[in-house]
Amino acid sequence: MKKIFFIIVGALLNAISLNIFLIPAKVYASGFTGIAQLISSLLENTSFPITTGILYFIFNIPVSILGWFKVGKSFTVYSFFSVLMITFFLQVIPITEVSTDILLNAVFGGVIAALGVGLTLKYGASTGGLDIIAMVLSRMKNKPIGGYFFILNGLIILAAGYLFGWEKALYTLVALYVSSRVIDTVHTRHEKLTAMIVTKKGKELQEAIHGQMVRGITIIPAKGAFSKQEKEMLIIVITRYELYDLEQVLKEVDPNAFTNIVHTTGIFGFFRNDG
């Protein structure tokens, strides 16, 4: 329920960003949303106008099928639910201009959209389209995901400039840059942490952790300096994304375990980046 709640919140933020800030100012969002905006703008004065929301939904159907096979079934189901929610909110929230300042629209639209994307990614889903491609690249290269969003959206900037003037392209660039930085702040899967857990329940914790995540654990004998009690220290490197799962395991198995979490600046050797 927590995951579904934050996916809905993320979808709402994305729709607000578009219908209140970006679409009225003709500043274009990232990914398939931006492509849908561009095509919708081209079709708005024709005999077959199509809203951004409907186009966004259509574009995400083949990507969802691809994601089902290449990324994971659970991730794809939640991502498609996010796409449905964004489409719904885009249809029900009226397009409203709250400011005539195009720079304010670009900045606030970019920030709000990025918060929506970042929240959705943080809770194990995506907003579809290029999000999935960027996530795959981030896992493969172990780099921040925001940078990939920025690179993959270069075509949108060029198309916006060619079709609607280069000033629009520059403001779109501002929105995309702001979005990429905020996404990296919210979505921190690429950051690594080392957890050092001192516990009397080493075997139980090891089994519980392996039941939740695929991570190697090093176990070292330990002894309390004051109590003289024999204990074990479990050392495990995780992504920040997995910290919540580890906390839940500790609360359930050994809430009295002493746990020290430190930032890991580098890793040599094998480390799974798809956890």
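Since the model is a prediction, treat every value here as computed from it, not as a measurement.
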Item checked: Where Ser64 and Thr76 come nearest, the two heavy atoms and their spacing -> O-CG2, 3.1 Å
Tell me which donor-acceptor pairs under 3.5 Å the side chains of residues 221-229 have, and how far apart each pair is, sequence neighbours excluded?
unit_1 : atom_1 : unit_2 : atom_2 : d
Ser227 : OG     : Gln229 : N      : 3.3
Lys228 : NZ     : Ala225 : O      : 3.1
Gln229 : OE1    : Lys200 : NZ     : 2.9

Next item on the list: Provide the closest heavy-atom pair for Thr100 versus Asn105 in the form atom of the first, atom of the second, distance.
Entry: C-ND2, 4.5 Å
Notebook entry, point to check: Of all heavy-atom pairs between Ala25 and Ile102, which one has the smallest distance, and what is that distance?
Noted result: O-CD1, 3.8 Å
Next item on the list: Using the rule that two of Ile, Leu, Val, Met, Phe, Trp, Tyr join whenever any of their side-chain heavy atoms come within less than 4.5 Å, decide whether Leu170 and Leu158 are in one cluster.
Entry: no
Next item on the list: For Thr199, check side chain to side chain donor-acceptor pair (under 3.5 Å) against everything at least two apart and list the hits.
Entry: Asp254
Next item on the list: To the nearest 0.5 Å, tell me how far Thr52 OG1 sits from Gln91 CD.
Entry: 9.0 Å
Item checked: Whether Ser40 side chain and Ala36 backbone form a donor-acceptor pair below 3.5 Å -> no
Next item on the list: Any chance you could pull the hydrophobic cluster mates of Met196, using side-chain heavy atoms under 4.5 angstrom and chaining through other members?
Entry: Val198, Ile220, Met233, Ile235, Phe258, Val262
Notebook entry, point to check: Distance from Met85 atom CE to Ile4 atom CD1, nearest 0.5 Å?
Noted result: 10.0 Å
Check: Would you say the side chain of Asn60 lies within less than 4.5 Å of the side chain of Thr87, judging by non-hydrogen atoms?
Finding: no
All N/O donor-acceptor pairs, side-chain side in residues 12-22, below 3.5 Å, sequence neighbours left out:
unit_1 : atom_1 : unit_2 : atom_2 : d
Asn14  : ND2    : Gly10  : O      : 2.9
Ser17  : OG     : Gly109 : O      : 2.6
Asn19  : ND2    : Leu90  : O      : 3.0
Asn19  : ND2    : Ile93  : O      : 2.7

Notebook entry, point to check: Out of curiosity, Ile217 CD1 to Ile238 CD1, how far, rounded to the nearest 0.5 Å?
Noted result: 10.5 Å
Note to self: For the CG atom of Leu55 and the OG1 atom of Thr51, what is their distance to the nearest 0.5 Å?
What the structure shows: 6.5 Å
Output a table of donor-acceptor pairs, distance under 3.5 Å, between side-chain atoms of residues 201-211 and any protein atom two or more places apart or on a different chain; print 'none' if there are none.
unit_1 : atom_1 : unit_2 : atom_2 : d
Lys201 : NZ     : Val253 : O      : 3.4
His210 : NE2    : Arg215 : O      : 2.9

Note to self: Can you list everything that forms a side chain to side chain contact (heavy atoms under 4.5 Å, CB included) with Glu167? Sequence neighbours excluded, please.
What the structure shows: Tyr171
Check: Hey, what else clusters with Met1 if you join Ile, Leu, Val, Met, Phe, Trp, Tyr whenever side-chain heavy atoms sit under 4.5 Å?
Finding: none
Margin query: Using every non-hydrogen atom in the two residues, find where Ser41 and Tyr28 come nearest and quote the distance to one decimal.
Written below: OG-OH, 3.3 Å
Next item on the list: Check for a donor-acceptor pair, side chain of Gln37 on one end and backbone N or O of Val27 on the other, with a separation under 3.5 Å.
Entry: yes
Check: Roughly how far apart are Ile219 CD1 and Leu234 CG, rounded to 0.5 Å?
Finding: 4.5 Å
Notebook entry, point to check: With sequence neighbours left out, what residues match Lys2 under side chain to side chain contact (heavy atoms under 4.5 Å, CB included)?
Noted result: Phe6, Tyr123, Tyr244
Next item on the list: Measure from the side-chain N and O atoms of Thr33 to the backbone N and O of Ala29, and report whether any donor-acceptor pair falls under 3.5 Å.
Entry: no
Item checked: Minimum heavy-atom distance between Ser82 and Ala11, given as atom pair plus value -> O-CB, 4.1 Å
Next item on the list: Please list all pairs passing the ring pair (Phe, Tyr, Trp, His ring centres under 6.0 Å) test where one or both residues lie in residues 34-66, with sequence neighbours left out.
Entry: Phe57-Phe80
Item checked: All salt bridge (Lys or Arg N to Asp or Glu O under 4.0 Å) counterparts of Glu44, not counting sequence neighbours -> Lys26
Margin query: So, using side chain to side chain contact (heavy atoms under 4.5 Å, CB included) as the criterion, who are the partners of Ile261 when residues are at least two apart?
Written below: Leu193, Ala195, Leu243, Thr259
Check: With sequence neighbours excluded, what pairs up with Thr96 under the side chain to side chain donor-acceptor pair (under 3.5 Å) test?
Finding: none
